[in-house]
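Numbers here simply count residues along the sequence, with the first being 1. Counting convention: from 1, in listed order, for ligands and their atoms alike.
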Amino acid sequence: MFSGRAWRVVNFGEPRRAVELQELTWAEPSPGQVLIRVRTAGAGYPDSMMVAGQFPLLGQPPFGLGEEAAGEVVAVPPGSRFAVGDQVTGITAFLEGWGGYADYVYLREGSMMRIPSRMTDEQAGGFPIGFRTAYAGLVERAPVEAGQTLLVLGAAGSSGATALQLGKALGATVIAVAGSPEKLEFCARYGADHGVNYRTDDLTARISQLTDGRGVNLIYDPVGGATAATAMKSLARNGRIAMIGVSSGAPAPLDSMDMLLRNVSAIGVLAQPNDTPAVEATVWRHLAGMIEQGAISTPVGRVYGFDEVPQMIADQTAPGAGKVVLRVAAA
Ligand SMILES: NC(=O)c1ccc[n+]([C@@H]2O[C@H](COP(=O)([O-])OP(=O)(O)OC[C@H]3O[C@@H](n4cnc5c(N)ncnc54)[C@H](OP(=O)(O)O)[C@@H]3O)[C@@H](O)[C@H]2O)c1
């Protein structure tokens with residue numbers, strides 16, 4: 001049995017009143033999970049949705065927060081492919097109420113990996129969700145081909161900045177869309193070929209200019225709402241929009257008659273582990289290989305301290321550039 005602290009949602013509402021630091025105990029992990037002592041954990045817009053009661057995959061409080069975490073394995077079930085002392089990062093058992101904003105958390109054994117040598121703790125804690133989702137979008141559900149043009153919305157955010165890197169690693173030309181010059185500079189540092197500020201530029205005219213009137217082959221959309229609706233006007237024939245999330249507060253509005261007349265498709269993407277564990281293990285090996293080659297890296301943004309969790313969640317409705325990471329414990 002392990003004892004420690006955990007930030008948990010106790011009511012839906014404003015983060016400072018909705019989350020509470022509690023003392024918890026963690027039993028030995030069940031088959032399919034390992035228990036880690038957390039050093040860092042990744043944050044993102046889903047935290048805001050969870051605290052507000054708008055996250056579609058979770059029920060009523062109380063539940064833990066933190067979908068991904070990195071640290072040291074402290075307990076494994078019999079037959080695990082991990083061992084006590086391994087340094088790992090992975091997706092937490094958040095759908096069962098456990099979260100990474102805690103001293104300990106269970107990771108899903110199928111959705112984790114040993115931390116590659118070139119990763120910092122912050123990069124490790126903020127890696128799993130963004131890149132597993134980008135992989136689901138750009139490899140599994142709406143594959144982007146080398147030479148195609150990929151438009152990434154919310155491109156400086158957790159989801160967007162991972163997709164733009166994976167898109168580049170897969171050989172696409174990437175147009176990053178974000179809401180400030182600073183965010184577009186951030187996207188350029190992570191490899192975006194072009195940047196468009198949707199707040200000040202005419203998105204449609206600028207994309208037409210950048211693609212010589214051809215439009216884009218794929219939109220990666222963690223934002224939805226009006227920005228997604230405008231971006232869809234720039235889809236080339238046979239183009240696709242990969243629907244990832246709703247950080248604008250609304251999903252991408254779809255006009256089925258327009259989609260019919262222009263031969264375009266919308267594809268839902270939920271980053272779920274493959275049903276076959278061996279196939280899922282290949283995904284994580286592929287991602288780890290790209291890290292080792294320097295092709296992708298966690299786009300770390302602001303790092304918060306453990307006592308700042310309520311403020312960190314409140315800040316997710318107006319995030320700065322990059323992946324927000326929580327430092328839970330020193331190395
Ligand atoms: N499908 C999946 O499996 C999966 C996995 C992970 C996340 N998601 C979803 O993806 C969405 C984005 O999550 P994330 O963690 O990537 O978010 P994030 O890092 O906070 O980035 C979201 C971006 O959206 C833009 N934005 C536009 N309107 C916004 C608003 N009202 N509030 C906040 N941001 C706004 C911001 O960029 P600008 O300032 O440039 O506008 C921001 O950088 C969420 O809905 C999340 O649930 C889905």
Side-chain angles (χ1 to χ4, degrees), residues 41-58 65-68 91-92 94-95 111 126-142 151-166 175-188 190 192 195-201 203 219-231 241-252 266-274 283 298-302 304 312-326:
Y45 189 77
D47 295 337
S48 312
M49 298 171 76
M50 290 179 192
V51 169
Q54 293 165 353
F55 193 78
L57 302 173
L58 277 173
L65 282 168
E67 296 177 311
E68 55 192 337
I91 297 177
T92 66
F94 70 98
L95 293 177
S111 304
F127 179 83
I129 289 283
F131 279 104
R132 184 63 185 88
T133 306
Y135 196 95
L138 301 180
V139 178
E140 296 172 329
R141 296 282 296 138
L151 184 78
V152 179
L153 303 182
S158 308
S159 299
T162 51
L164 87 80
Q165 289 183 65
L166 189 60
I175 303 174
V177 177
S180 72
E182 297 72 28
K183 286 189 171 183
L184 290 174
E185 272 169 37
F186 183 87
C187 295
Y190 280 95
V196 185
N197 183 335
Y198 73 93
R199 291 186 203 275
T200 55
D201 295 343
L203 191 55
I219 300 169
Y220 190 89
D221 174 29
V223 174
T227 311
T230 305
I241 179 167
M243 297 185 303
I244 309 296
V246 295
S247 61
S248 68
I267 298 159
V269 178
L270 182 65
Q272 278 180 314
N274 194 287
V283 172
T298 310
V300 176
R302 182 162 168 194
Y304 288 76
M312 178 181 83
I313 296 166
D315 291 347
Q316 296 314 305
T317 51
K323 176 75 188 179
V324 171
V325 174
L326 179 70

List ligand 1 atoms under 4.0 Å from [X], heavy atoms only on the residue side.
X      : answer
Tyr198 : 38 (P), 40 (O), 41 (O)
Gln316 : 33 (C)
Pro222 : 10 (O), 11 (C), 12 (C)
Gly157 : 19 (O), 21 (O), 43 (O)
Leu270 : 1 (N), 3 (O)
Gly44  : 15 (O)
Ile129 : 6 (C)
Ser248 : 28 (N)

So, for [X] and [Y], which heavy atoms are closest and what is the spacing to 0.1 Å?
X      : Y      : value
Gly160 : Val152 : O-CG1, 3.5 Å
Ser248 : Gly224 : OG-C, 3.4 Å
Leu151 : Val177 : CD1-CG2, 3.6 Å

Around [atom], find the nearest protein heavy atom and jot down its residue, atom name and distance.
atom                    : result
atom 1 (N) of ligand 1  : Val269 O, 2.7 Å
atom 46 (C) of ligand 1 : Pro46 CG, 3.6 Å
atom 10 (O) of ligand 1 : Gly245 CA, 3.6 Å
atom 5 (C) of ligand 1  : Thr133 OG1, 3.1 Å
atom 33 (C) of ligand 1 : Thr317 O, 3.5 Å
atom 15 (O) of ligand 1 : Tyr45 N, 3.0 Å
atom 37 (O) of ligand 1 : Lys183 NZ, 3.6 Å

Is there a nitrogen or oxygen of [X] sitting under 3.5 Å from a nitrogen or oxygen of ligand 1?
X      : answer
Ala156 : no
Ser159 : yes
Gly179 : yes
Ile244 : yes
Gly322 : no

Rounded to the nearest 0.5 Å, how far does [atom2] of [Y] lie from [atom1] of [X]?
X      : Y      : atom1 : atom2 : result
Gln316 : Ser158 : CD    : OG    : 7.0 Å
Leu203 : Asn197 : CG    : CG    : 10.0 Å
Thr133 : Ile91  : OG1   : CD1   : 7.0 Å
Asp47  : Phe55  : CG    : CZ    : 9.0 Å

Check for a donor-acceptor pair, side chain of [X] on one end and backbone N or O of [Y] on the other, with a separation under 3.5 Å.
X      : Y      : answer
Arg199 : Gly179 : yes
Asp221 : Val223 : yes
Arg141 : Gly268 : yes
Thr317 : Ala314 : yes

Can a salt bridge be assigned to the pair Glu68 and Lys323 using a cut-off of 4.0 Å between side-chain N and carboxylate O? yes
Region of Lys323 engaging ligand 1 - heavy atom pairs below 4.0 Å: neither
Residue portion contacting ligand 1 (non-hydrogen atoms closer than 4.0 Å) for Val246: both
Evaluate the ring planes of Phe131 and Phe127, with Trp represented by its six-membered ring, and classify them as parallel (under 30°), tilted (30 to 60°) or perpendicular (over 60°). parallel
From Pro319, Ala318, Ala271 - option closest to atom 3 (O) of ligand 1 by heavy atom: Ala271
Which one of Ser158, Ser247, Gly249, Ala226 has a non-hydrogen atom at the shortest distance from atom 31 (N) of ligand 1? Ser247
4.0 Å heavy-atom contact, Arg199 with ligand 1: yes
Starting from the C-alpha separation in whole Å, work towards a yes-or-no answer on side chain to side chain contact (heavy atoms under 4.5 Å, CB included) for Tyr135 and Leu166. CA-CA 7 Å; Tyr135 196 95; Leu166 189 60; 4.3 Å; yes
What do the steps show when you test Asp315 against Arg302 for side chain to side chain contact (heavy atoms under 4.5 Å, CB included), and what is the final call? CA-CA 11 Å; Asp315 291 347; Arg302 182 162 168 194; 3.7 Å; yes
